[in-house]
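Notes to accompany the following structure.
As a basis for the values below, the full set of heavy atoms in this structure was taken, side chains included, without hydrogen atoms, waters or symmetry mates. Not measured: the values here are computed from a predicted model. Proteins come first, then strands; the chains are lettered A, B, ... in the order of their sequence lines, and each starts at number 1.
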Amino acid sequence: AQKVTQAQTEISVVEKEDVTLDCVYETRDTTYYLFWYKQPPSGELVFLIRRNSFDEQNEISGRYSWNFQKSTSSFNFTITASQVVDSAVYFCALLHHASGGSYIPTFGRGTSLIVHP
Amino acid sequence: EPEVTQTPSHQVTQMGQEVILRCVPISNHLYFYWYRQILGQKVEFLVSFYNNEISEKSEIFDDQFSVERPDGSNFTLKIRSTKLEDSAMYFCASSDDRVYGYTFGSGTRLTVV
């Protein structure tokens, strides 16, 4: 079975602090995809990044960076110099190949990030 | 930037009533999805749709649910006889690649009273 664990329910930081959101996943598939989504207070889900299981290169996009480590089944997300606008719920998701040929996502429970001015 | 449009943004219905949630996916996308998020909880997959048929569905997607793509643009989720526990935010998403990140709509908040 597939499982995504985001152990941090809520994180509170002060603006300009760096913060890392943890994501640990479980799957028996050799091919899978990992995602991060942001859900701001307005409620929509915003795609941030996708990683496939064969690409362990870390990625940086502005203040965002992602650390994918297959050895520990983790796909952690770091925000550098956090800003108030980063306040949101962040979801990690695992996309795996289902028996019917489709890909099915499993989401973690989300981490609520609160950035105080 | 292209977006997925969902209507209505909020719907209140009485228990036992049928509701239809509507979505207009991005025009060149081929894969369509419905998800549900009960307040404060994680996002749950309901169903995926490709080539005019359901390609995958979760345990949540039981006989009271159905999906349809009645024309070239709309993608609907019907809940036949709503229950209190169907109260949730329902997200539609579409993708042009089944393994790419989906584009989500803004959601329809369904409240069953």
Side-chain angles (χ1 to χ4, degrees), chain A residues 1-10 23 25 27 29-55 59 61 66 75 77 88-112, chain B residues 1-10 23 26 29-61 67 88-111:
Chain A
Q2 329 297 323
K3 188 177 177 183
V4 176
T5 301
Q6 293 181 256
Q8 304 149 309
T9 306
E10 183 176 297
C23 174
Y25 62 92
T27 180
D29 292 2
T30 53
T31 301
Y32 52 88
Y33 300 82
L34 294 162
F35 297 83
W36 276 95
Y37 288 89
K38 175 181 180 180
Q39 187 175 41
S42 49
E44 72 272 24
L45 285 163
V46 179
F47 166 75
L48 295 178
I49 190 172
R50 175 188 85 148
R51 258 290 173 269
N52 74 54
S53 51
F54 299 108
D55 181 3
E59 181 156 340
S61 175
W66 291 270
F75 186 44
F77 172 32
V89 180
Y90 291 85
F91 291 95
C92 180
L94 167 70
L95 194 69
H96 63 95
H97 198 218
S99 56
S102 298
Y103 282 82
I104 300 295
T106 298
F107 281 79
R109 293 195 171 273
T111 296
S112 176
Chain B
E1 187 169 325
E3 57 181 31
V4 175
T5 305
Q6 287 187 247
T7 54
S9 56
H10 190 190
C23 170
I26 293 174
H29 283 185
L30 301 174
Y31 300 87
F32 313 111
Y33 310 85
W34 282 101
Y35 296 82
R36 172 180 91 173
Q37 185 183 28
I38 294 171
L39 187 63
Q41 298 189 24
K42 65 177 178 179
V43 178
E44 300 173 295
F45 168 76
L46 291 178
V47 66
S48 59
F49 192 86
Y50 170 72
N51 202 24
N52 285 320
E53 60 182 23
I54 291 173
S55 45
E56 208 75 41
K57 59 184 180 179
S58 71
E59 293 173 352
I60 302 167
F61 193 87
V67 290
M89 181 75 93
Y90 288 82
F91 290 101
C92 173
S94 70
S95 175
D96 59 357
D97 180 314
R98 59 185 179 157
V99 299
Y100 196 70
Y102 316 138
T103 301
F104 282 85
S106 298
T108 293
R109 181 168 298 285
L110 176 66
T111 303

Quiz item: Considering only heavy atoms, which portion of Tyr31(B) lies under 4.5 Å from any heavy atom of chain A: side chain, backbone, both, or neither?
Solution: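 For Tyr31(B), there is no contact with chain A at all, as no heavy atom is under 4.5 Å.
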
Quiz prompt | Heavy-atom closest contact (Lys42(B) atom, Phe107(A) atom, distance) | solution =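 The pair with the smallest heavy-atom distance is CD-O, 3.4 Å.
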
Exercise. Over all heavy atoms of both residues, which pair between Pro105(A) and Phe45(B) is shortest? Give the atoms and the distance, please.
Key: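 Pro105(A) and Phe45(B) have their closest heavy atoms at CD-CD1, 3.8 Å.
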
Practice problem: Go through the atoms of Ile104(A) and report whether side chain, backbone, both or neither lie under 4.5 Å from a heavy atom of chain B. | Solution: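 Interface part for Ile104(A): side chain.
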
Quiz item: Would one find more than 12 heavy atoms of other residues, nucleotides or ligands at under 6.0 Å from atom CZ of Arg51(A)?
Solution: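 It does: Arg51(A) CZ has more than 12 such atoms within range.
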
Quiz item: Any chance CD of Glu10(A) has more than 12 other-residue heavy atoms, nucleotides or ligands included, within less than 6.0 Å?
Solution: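 Yes, enclosed.
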
Quiz prompt | Test side-chain contact (heavy atoms from CB on, under 4.5 Å) applied to Asn52(B) - qualifying residues, sequence neighbours left out | solution =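 Here the qualifying residues are Phe49(B), Arg69(B).
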
Self-check item: Which of Gln37(B), Glu44(B), Gln41(B) touches chain A most, by non-hydrogen pairs under 4.5 Å
Solution: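 Ranked by heavy-atom pairs under 4.5 Å with chain A, first place is Gln37(B).
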
Quiz item: Pick from Gln6(A), Glu44(A), Gln39(A): which one has the most heavy-atom pairs with chain B under 4.5 Å?
Solution: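 Most heavy-atom pairs within the cutoff with chain B belong to Gln39(A).
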
Self-check item: With Glu3(B) via salt bridge (charged side-chain N to carboxylate O under 4.0 Å, His left out) - residues at least two apart
Solution: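 Checked Glu3(B) against salt bridge (charged side-chain N to carboxylate O under 4.0 Å, His left out); zero matches.
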
